[in-house]
There are 2 protein chains.
Amino acid sequence: MYDLFFQKLNEKISFTAEEQAIISSYLTTKKLRKKQYLLQEGDVCKTIAFVQKGALRAYSVNEKGVENVLQFALEGWIISDLYSFMTGEPATYYIDAIEDCELLLITKAAQEEVFAKVPKYETYSRMQITGAYLAMQKRITSLLSLSLNERYLNFINIYPNIVQRVPQHMVASYLGLTPETVSRIRKRLSAK
Amino acid sequence: MYDLFFQKLNEKISFTAEEQAIISSYLTTKKLRKKQYLLQEGDVCKTIAFVQKGALRAYSVNEKGVENVLQFALEGWIISDLYSFMTGEPATYYIDAIEDCELLLITKAAQEEVFAKVPKYETYSRMQITGAYLAMQKRITSLLSLSLNERYLNFINIYPNIVQRVPQHMVASYLGLTPETVSRIRKRLSAK
DNA sequence: TGATTTCATTGACTATTATCAACGTATTTT
DNA sequence: AAAATACGTTGATAATAGTCAATGAAATCA
């Protein structure tokens with residue numbers, strides 16, 4: 001049932017069967033159909049979601065209605081409005097399903113009980129957020145120092161599976177480009 | 001001696017005097033003169049540095065010799081090449097002192113012993129990196145969705161103290177702009 | 001203190017990408 | 001199955017920031 005979830009955990013730290021049983025007891029499952037929201041701006045984000053199946057994105061919408069994609073999540077990834085989750089403040093972005101999804105959810109209260117009962121889970125959690133921090137740092141470096149061509153190439157190198165499953169205009173938004181520009185970059189690249 | 005350091009810790013979680021004594025015993029101090037390196041590209045980053053006094057920056061240098069500022073750190077902040085620190089791989093960026101600095105250092109081995117002896121310190125560490133992650137997320141949003149004017153204004157709003165202490169061309173680099181562009185933005189803003 | 005280097009500003013020019021609009025195709029909805 | 005919507009591509013144009021170069025001021029160094 002929770003195979004992928006524990007596979008990911010055990011890649012970083014090994015958990016015993018008992019520990020896994022304790023953790024499991026705090027998880028709930030949720031299915032989302034394509035285009036459904038997991039979270040809407042203004043709601044408080046009550047859970048962190050682990051993706052068992054499907055694809056989601058987190059995005060904000062500015063005054064002019066322009067969408068900015070902050071994050072994608074595929075199988076094995078985690079997605080949440082972490083600021084809202086941590087503070088209880090209303091969310092500043094939306095999370096919705098790009099494909100039909102199966103998720104595992106954990107609430108803040110549940111997470112804290114698991115931290116208390118299975119300290120290794122807090123270590124895992126620290127390592128997980130550290131990894132997310134480092135990935136984000138790479139993204140900033142890519143935004144600051146690469147040409148648009150390199151930025152796109154770098155992206156499809158790191159996330160080949162995203163490019164195949166996500167509409168191009170969302171990728172453009174993630175990269176800070178217009179859809180037209182991504183289309184032209186692809187054209188240039190395919191000409192070579 | 002370690003006043004500022006424990007002040008920062010206690011803002012998030014309170015530590016007893018004993019706990020603070022244990023943690024202290026794992027810290028070392030280091031002074032840096034302006035322009036000295038804390039870390040050079042290619043070295044393994046052995047420590048995380050807490051800034052007691054002064055200002056530093058982390059930056060990478062590309063093939064053309066262009067510097068890209070990834071991070072600033074002032075009093076009370078933490079700075080490190082976390083990827084190198086975590087993995088033991090050679091650092092991909094430099095850290096140097098913008099002003100004379102006084103630092104507290106903790107090695108990876110020391111950190112792990114402290115995690116074992118004072119579990120709360122791991123909780124603190126998780127919260128600290130989570131905060132850094134969220135700050136970085138805001139920076140990405142600023143890079144993706146704000147006009148250059150707004151980006152500069154947003155920066156001086158969040159970090160007024162950095163603008164006063166750091167050369168303008170480093171701020172420009174942090175914002176992904178040329179020094180000329182920042183100069184023109186400032187001119188435009190002062191005209192209003 | 002005088003010399004040297006670093007830094008910020010300004011102007012002229014160029015390259016690049018966003019914007020706007022139109023079109024054809026694919027996908028979704030009813 | 002037909003209609004409506006969403007998506008990607010292409011072209012023309014405009015706006016914007018980068019590049020290059022020169023200057024003066026400030027900070028650093030010897």
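Order of the sequence lines fixes the chain letters, A, B, ..., with proteins taken first and strands second; residue numbering starts at 1 for each chain.
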Has B:Thr178 got a side-chain N or O lying under 4.0 Å from the OP1 or OP2 atom of D:dA17?
-> no
A:Glu180 atom CD is separated from D:dA14 atom P, nearest whole Å, by 17 Å
B:Gln168 has its side chain closest, among D:dC20, C:dA21, C:dA8, to C:dA8
Atom NZ of A:Lys34 and atom C1' of D:dT5 are separated, to the nearest Å, by 13 Å
Residues B:Tyr83 and A:Lys138: side-chain donor-acceptor under 3.5 angstrom
no
Would you say B:Lys187 reaches C:dA8's phosphate, i.e. side-chain N/O to OP1/OP2 under 4.0 Å?
no
From CG of B:Leu175 across to C1' of D:dA17 the rounded distance in Å is 14 Å
Under a 3.5 Å cutoff, is there a donor and acceptor pairing between the side chains of B:Arg57 and B:Tyr94?
no
Whole-Å distance, A:Ile185 CD1 to C:dT17 C1', equals 10 Å
Note to self: For the backbone of B:Phe15 and the side chain of B:Asn10, can you confirm whether one donor and one acceptor N or O come within less than 3.5 Å of each other?
What the structure shows: yes
**Message:** Regarding C:dG11, can its base be found pairing with the side chain of B:Arg184 as donor and acceptor, where the two atoms are less than 3.5 Å apart?
**Reply:** yes
From the candidates D:dT19, D:dA17, C:dT17, the one with an atom nearest any side-chain atom of A:Arg188 is C:dT17
B:Arg186 atom CZ is separated from C:dC7 atom P, nearest whole Å, by 15 Å
With no hydrogens and no angle check, do the side chains of A:Glu150 and A:Ser147 hold a donor and an acceptor under 3.5 Å apart?
yes
Shortest non-hydrogen pair, B:Tyr59 vs B:Tyr93, comes out as O-CB, 3.0 Å
Nearest-nucleotide check on DNA chain D, B:Gly176 vs A:Val166; residue mapping nearer the 5' end is A:Val166
Give A:Pro179 one of three labels, base, sugar-phosphate or nothing, depending on what nucleic acid heavy atoms sit under 4.0 Å from its own.
nothing
Separation of C:dT5 atom C1' from B:His169 atom NE2, nearest Å, is 13 Å
To the nearest angstrom, the CG-P distance between A:Asn149 and C:dT17 comes to 8 Å
query = Using a cut-off of 4.0 Å on non-hydrogen atoms, how would the nucleic acid contact of A:Lys35 be classed: base, sugar-phosphate, or nothing?
reply = nothing
When rounded to whole Å, the CG to C1' distance for the pair A:Asp100 and C:dT28 reads 14 Å
B:Thr181 side chain N/O closer than 4.0 Å to the phosphate oxygens (OP1, OP2) of D:dG18?
yes
